Number of protein chains: 2
Amino acid sequence: MIKGLEDILNHKSINPTAMRLLVLEFLLKQSSAISLTDVEKGLEPSDRVTLYRVLKKFGEKGLVHSIDDGSGAPKYALCAEDCVAGHHHDFHVHFFCTACRETSCLTKSKIPQVVLPEGFASEEVNLMVKGTCSKCIP
Amino acid sequence: MIKGLEDILNHKSINPTAMRLLVLEFLLKQSSAISLTDVEKGLEPSDRVTLYRVLKKFGEKGLVHSIDDGSGAPKYALCAEDCVAGHHHDFHVHFFCTACRETSCLTKSKIPQVVLPEGFASEEVNLMVKGTCSKCIP
DNA sequence: ATAGGGCTGCAATGGTATTGCAAACTACGG
DNA sequence: CCGTAGTTTGCAATACCATTGCAGCCCTAT
């Protein structure tokens, strides 16, 4: 199991340290995007700053992408597959459930093409939907 | 002129105080969405907290909407037209130019319909595009 | 005139990212 | 096996930013 985790990191050119393996393992267990504070609580008693830097490195290397769901703190989730360092390909919709307050990636919902005014060039698109998720529908 | 400003506030059931008129006037002069710090600098030497509360009230009453462009601080812009207290209708695209670092409302670019998975109900949609705006194209 | 409610300004709090620095660790060449 | 260089980690400190409490002010209605 741990072996597989190491491979993942190596494949992204990230030195597989104990801390990073722990964070990666924790991320793999999540069903939704989580904040730095969530990681901190799940991996007690780890240092917050270290976790911050681990996630930052993961982001730089294209292992995770961060989502700003308006909660103030960024959420992190593992990238699908084909993200390379520096260029993310996560053109999917992010969903924030106002009931359970979970942020999740709707990898199957692609972001539709957006028509921009003349002279505007798009580099990155982020679509955030808020509402009620399937688990919280009454 | 000031008379017109008062009308705007009254129409939204906001007591027209000096401070609020100033903020509204400042907002009307902007061509892009601005942060609380921007307002503070433009209206020196005003108290930041007061401006914060003014903007908050404007938001509650449907006069302005706030945009989270990922810069850490929310940006504010006047609502188009028919926003009512509590329910915003700003289904337009927000654009962040990575060159001039300005956030603007593309009121003509409507957010396309998003297909959500079964069981998901959408209440609010936010589409943030990052790239280069027409003024910054080489 | 006065009492009450809304508005403002100041001070203080709390949560967050972010950086500097020194200790710990790791990989590697002798 | 040892030491060294580079990476990683943990701690302390800093810097924003939103948000709240409180006290004084203004305006209005009675």
Side-chain angles (χ1 to χ4, degrees), chain A residues 2-3 5-6 8-10 12-27 33-61 63-77 85 96 101 103, chain B residues 2 5-6 8-10 12-26 33-61 63-77 85 96 101 103:
Chain A
I2 290 289
K3 184 60 182 157
L5 294 178
E6 278 197 44
I8 296 178
L9 293 185
N10 283 327
K12 297 284 185 177
S13 314
I14 303 172
N15 280 350
T17 68
M19 204 75 252
R20 291 172 180 172
L21 290 171
L22 273 178
V23 174
L24 175 57
E25 187 184 17
F26 188 69
L27 284 173
I34 54 178
S35 69
L36 175 57
T37 304
D38 295 331
V39 180
E40 192 185 8
K41 285 178 181 162
L43 259 43
E44 265 172 344
S46 296
D47 179 46
R48 182 183 182 87
V49 179
T50 300
L51 299 174
Y52 164 75
R53 280 190 271 226
V54 167
L55 288 173
K56 187 177 167 186
K57 170 134 302 213
F58 282 8
E60 289 166 1
K61 298 295 187 176
L63 222 199
V64 308
H65 60 280
S66 76
I67 308 153
D68 193 338
D69 60 0
S71 68
K75 299 285 176 66
Y76 301 89
F96 177 77
R101 309 196 63 77
T103 301
Chain B
I2 290 291
L5 295 177
E6 278 197 44
I8 295 178
L9 292 184
N10 283 327
K12 299 283 185 177
S13 314
I14 304 172
N15 279 352
T17 67
M19 204 76 253
R20 291 172 180 173
L21 290 171
L22 274 178
V23 174
L24 175 57
E25 187 185 16
F26 188 68
I34 55 179
S35 70
L36 175 57
T37 304
D38 294 332
V39 180
E40 192 184 9
K41 284 178 181 164
L43 260 43
E44 265 172 344
S46 296
D47 178 45
R48 181 182 183 87
V49 178
T50 301
L51 299 174
Y52 164 76
R53 280 191 271 227
V54 167
L55 288 173
K56 186 177 170 187
K57 171 133 301 211
F58 282 7
E60 288 166 2
K61 297 296 187 177
L63 221 199
V64 308
H65 60 280
S66 74
I67 309 153
D68 193 339
D69 61 0
S71 68
K75 300 284 175 67
Y76 301 89
F96 177 77
R101 308 196 63 79
T103 301

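Remember, it's a predicted structure, so these values are computed and weren't measured experimentally.
Proximity of A:Thr17 to the phosphate of C:dT26: no side-chain N or O atom is located under 4.0 Å from OP1 or OP2. For C:dG9, one of the phosphate oxygens OP1 or OP2 lies less than 4.0 angstrom from a side-chain nitrogen or oxygen of B:Thr50. One finds no side-chain N or O of A:Asn15 lying less than 4.0 angstrom from the OP1 or OP2 phosphate oxygen of C:dT26. Contact annotation: A:Lys56 side-chain N/O to C:dT19 OP1/OP2 distance is under 4.0 Å. The side chain of A:Tyr52 contributes an N or O atom lying less than 4.0 Å from OP1 or OP2 of C:dT18.
Among the nucleotides C:dA11, D:dT8, C:dT18, the one closest to the side chain of A:Val49 is C:dT18. Side-chain proximity of A:Met19 to D:dT9, D:dC17, C:dT18: nearest is D:dT9.
Atom-to-atom, CD of B:Glu40 to P of D:dT19 comes out at 15 Å; the value is rounded to the nearest Å. Here D:dT9 presents its P atom at 10 Å from CG of A:Leu21, a figure rounded to the nearest Å.
With hydrogens and angles left out, the side-chain atoms of A:Asp69 and A:Ser71 include a donor and acceptor closer than 3.5 Å.
If you check distances only, the side chain of B:Arg20 never reaches the base of C:dG6 with a donor-acceptor pair under 3.5 Å. Scanning atom types as modelled, no donor and acceptor separated by under 3.5 angstrom connect the side chain of A:Arg48 and the base of C:dG15.
Where A:Leu36 and A:Arg53 meet DNA chain C, the nucleotide closest to each residue was compared, and A:Leu36 sits on the side nearer the 5' end.
For B:Arg101, the CZ atom sits in a loose shell: 12 or fewer heavy atoms of surrounding residues, nucleotides or ligands are nearer than 6.0 Å.
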